[in-house]
Engineer: 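My structure is below; once you've seen it, I'll send some questions.
In what follows, chains carry the letters A, B, and so on, assigned in the order in which the sequence lines appear, proteins first and then strands, with residues in each chain numbered from 1.
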2 protein chains.
Amino acid sequence: MTTLSTRAEVLLKTLIERYIAEGQPVGSRTLSRHMGLDLSPATVRNVMADLEELGLIRSPHTSAGRVPTEKGYRVFIDTLLKVKPLDSGEVSKLRCEFDPSHDPQQLMECASHMLSEVSRLAGLVVLPRRDEASAFRHIDFVQLSKGRILVIIVTQDGQVHNRVITTERDYEDTELSRAANYFNDTYSGKLLAEVKQALVAEMREASDDMQRVMQLAVTMASRAFATERAESEDLLVSGESNLMDFPELGDMRKLRRLFDAFNTKRDLLQLLDQSVRAGGVKIFIGSESRYEPLADCSLVTAPYTIDGQIVGTLGVIGPTRIAYEHVIPIVDITARLLSSALSHGERGGRLESPGH
Amino acid sequence: MTTLSTRAEVLLKTLIERYIAEGQPVGSRTLSRHMGLDLSPATVRNVMADLEELGLIRSPHTSAGRVPTEKGYRVFIDTLLKVKPLDSGEVSKLRCEFDPSHDPQQLMECASHMLSEVSRLAGLVVLPRRDEASAFRHIDFVQLSKGRILVIIVTQDGQVHNRVITTERDYEDTELSRAANYFNDTYSGKLLAEVKQALVAEMREASDDMQRVMQLAVTMASRAFATERAESEDLLVSGESNLMDFPELGDMRKLRRLFDAFNTKRDLLQLLDQSVRAGGVKIFIGSESRYEPLADCSLVTAPYTIDGQIVGTLGVIGPTRIAYEHVIPIVDITARLLSSALSHGERGGRLESPGH
DNA sequence: TCTAGCACTCTCGTACGTTGAGTGCCAAGC
DNA sequence: GCTTGGCACTCAACGTACGAGAGTGCTAGA
């Protein structure tokens, strides 16, 4: 692509800024006034014609102003946008929201909520898949009623999972707690994948000469691990209703599809997973997401980490016309704050160096 | 109120049925055709005039048909409606959805989802408040990292709550597990309220001669209980987007308020609590809920129980124009199924006798 | 290369007439 | 005394027409 003249760049930049602020096509007259350079509307029109030819802007109809195309937004974001860093007061206010005494689930709910509140858009947080990567920490068996035993599994990162399994006979509390102790001593610290594997092996060679306690623990645990729903991941969505304030999303059918997408989650999760790979903030504009319900929306995401490992993604969804220069740092900071709130390892809870 | 003639009743009934089916004001001509009786439109008009005078129907404008008022719906539901019981095939299909090996949380999510799917409206489930009424069953302490301990509290009904507390020094696993054992032996089976009270007392007279294990257990538990968020209750909402299909809720501002109400939850919870007291299905029509965002909506609720004790409410929200004769049994059955899935006490999981 | 001017285009809001559905009322009929 | 057909009236909805305003493209001149 031929590179733009500085004048064209300034023009495109102001046009998009105006359009983001006002939400309406901007014409040559207003543009010539708000652009720093001293050019007449006519000149502006000429430049706009060039930009239109390049596919960066378009007019909704003959005598409206121009609006940015997706390509225009893309150029704007990649080369023209000056991200305004949040002032430190803002940051520390956000930081306060992350009470480190909350458990991971709560922290993520908090992050999602915060994203939607601060950006006035819909906030998203992909929960980490509790998978082979996380380490087993603790198990516990609690008899709830005849034949029903609650199995609690805690992973190293503080996530708690619980399943109810049914058994033929009842057990004494001491029996259960001894089984749990055995299990904890044996497997604590191992990766979940390893534990599962080990359980399969143990079950295969289960024999009468196996100690009763051992047998009990292994049987129950493997049943709990087996029935563990293949949830893999989950998505938290907050502030969907913020999106109803944008006139460009006023079409009920489109809105419906969008909200259904929030509820279905599956496709969104897949999409959000893409941004896990790259570090830093990633932006999908309109059809770039290749997901029809998001055709008129933009997605700003950033991965978050636990102890340096990327475990999930968070971000916001809004119309393509959003104040990127504000939203980007919001998503960025939230990802950092969440990461540091979740990471309570030896390295402590510092913000790592910026990396957008 | 003067009682209606049978003819007026039939007319009101068919009018409302038609309106529910079509969603548009119904006029004298169509009514005279669809009503079983053989009356001319003119006669129908006379009767309609009477009904209008009684405040049971009204016309949106001079030359539209009539639509039911809230009062009209009320009479319809209270005296004219024949609830169609679900056929048993339907019921057993629903019953299958409630896998009793799920934990309470999952069961309720399932119920909410099911309500919205089957009724094509928004489904609601109020989670039981984990309060004084529920019995303490089990506690566990797990050290996650330096100075951070995960406290897991299990109640008799199988709900799992967890908090992270921070401590000054680190503990051995055996130390923690001994503390948990002590605590479990002492308090298992007692009501949470009693446990809290006992903890306060223990803390007050905590002294050096208290056993170390005891002291540790009491300190940690009381910190966990103290920081327990005053969540009291929570609300699950499913299928909100179903409401976008109803043209009468097409106004974006109203819809926005409604969706905000779903997110805020607080007021809705308060409202839903009202229906806890009475057993059976309860219906709020439009402004009867005395909650502005629900002005154009109806709420159909029923309480659900654990082992005979009412612990929460579930239901659906839709426009006032909903197929009550279908929705009422759906809510009713779902409440029963959820109750029986949650009740795994001695009495087993039977459906109790109908009580609407 | 920029600018002023001008004719052109298109949306939006308003006004207006037409259509059709439905009503209220009245007088005739059972 | 109910019921019914007839009739004038009302009102939303729809389509057309038209002016105002905003913005454009093009051209000629600085």
Engineer: Think A:Arg7 has a side-chain N or O under 4.0 angstrom from the OP1 or OP2 of C:dT1?
Structural biologist: no

Engineer: Any side-chain N or O of A:Arg66 less than 4.0 Å from the OP1 or OP2 oxygen of D:dG23?
Structural biologist: no

Engineer: Can you tell me how far P of C:dA21 sits from CE of B:Met48, to the nearest Å?
Structural biologist: 16 Å

Engineer: What does the list of N/O pairs under 3.5 Å between the protein and nucleotides 9-16 of chain C look like, with a distance for each?
Structural biologist:
residue : atom : partner : partner atom : Å
C:dC10  : O2   : A:Ser63 : OG           : 2.8

Engineer: When the distance from CD1 of A:Ile57 to P of D:dG23 is rounded to whole Å, what number comes out?
Structural biologist: 14 Å

Engineer: Does any part of the side chain of B:Tyr291, heavy atoms only, come nearer than 4.5 Å to the side chain of B:Leu299, both counted from C-beta?
Structural biologist: no

Engineer: Of B:Pro60 and A:Glu52, whose closest DNA chain D nucleotide lies nearer the 5' terminus?
Structural biologist: B:Pro60

Engineer: Let me check something: any side-chain donor-acceptor pairs from residues 117-124 of chain A under 3.5 Å, sequence neighbours excluded? List them with distances.
Structural biologist:
residue  : atom : partner  : partner atom : Å
A:Ser119 : OG   : A:Leu115 : O            : 2.6
A:Ser119 : OG   : A:Leu121 : N            : 3.2

Engineer: Does anything in residues 11-46 of chain B reach DNA chain C, meaning a heavy atom under 4.0 Å, and if so which residues?
Structural biologist: B:Gly27, B:Ser28, B:Arg45

Engineer: Look at the side-chain N and O atoms of B:Arg58 and state whether any lies under 4.0 Å from the OP1 or OP2 oxygen of C:dT23.
Structural biologist: no

Engineer: Mind checking salt bridge (Lys or Arg N to Asp or Glu O under 4.0 Å) for A:Asp38 and listing every partner two or more places apart, or none if nothing turns up?
Structural biologist: none

Engineer: Return the set of residues passing side-chain hydrogen bond (donor to acceptor under 3.5 Å, both in side chains) with A:Ser28 (not counting sequence neighbours), or none when no residue passes.
Structural biologist: A:Arg45

Engineer: Please list, chain by chain and in numerical order, all residues satisfying side-chain contact (heavy atoms from CB on, under 4.5 Å) with B:Ser241, sequence neighbours excluded.
Structural biologist: A:Arg256, A:Phe259, A:Asp260, A:Asn263, B:Met244

Engineer: Grab the CG-C1' distance between A:Leu51 and D:dT24 for me, whole Å please.
Structural biologist: 15 Å

Engineer: What residues, two or more places apart in sequence or in another chain, satisfy side-chain contact (heavy atoms from CB on, under 4.5 Å) together with B:Thr43?
Structural biologist: B:Arg7, B:Leu39, B:Ser40

Engineer: Which pairs count as salt bridge (Lys or Arg N to Asp or Glu O under 4.0 Å) when at least one residue sits in residues 73-87 of chain B, sequence neighbours excluded?
Structural biologist: B:Arg74-B:Asp78, B:Arg74-B:Glu288

Engineer: Got a sec, which residues hit side-chain contact (heavy atoms from CB on, under 4.5 Å) with A:Asn46, two or more places apart in sequence or on another chain?
Structural biologist: none

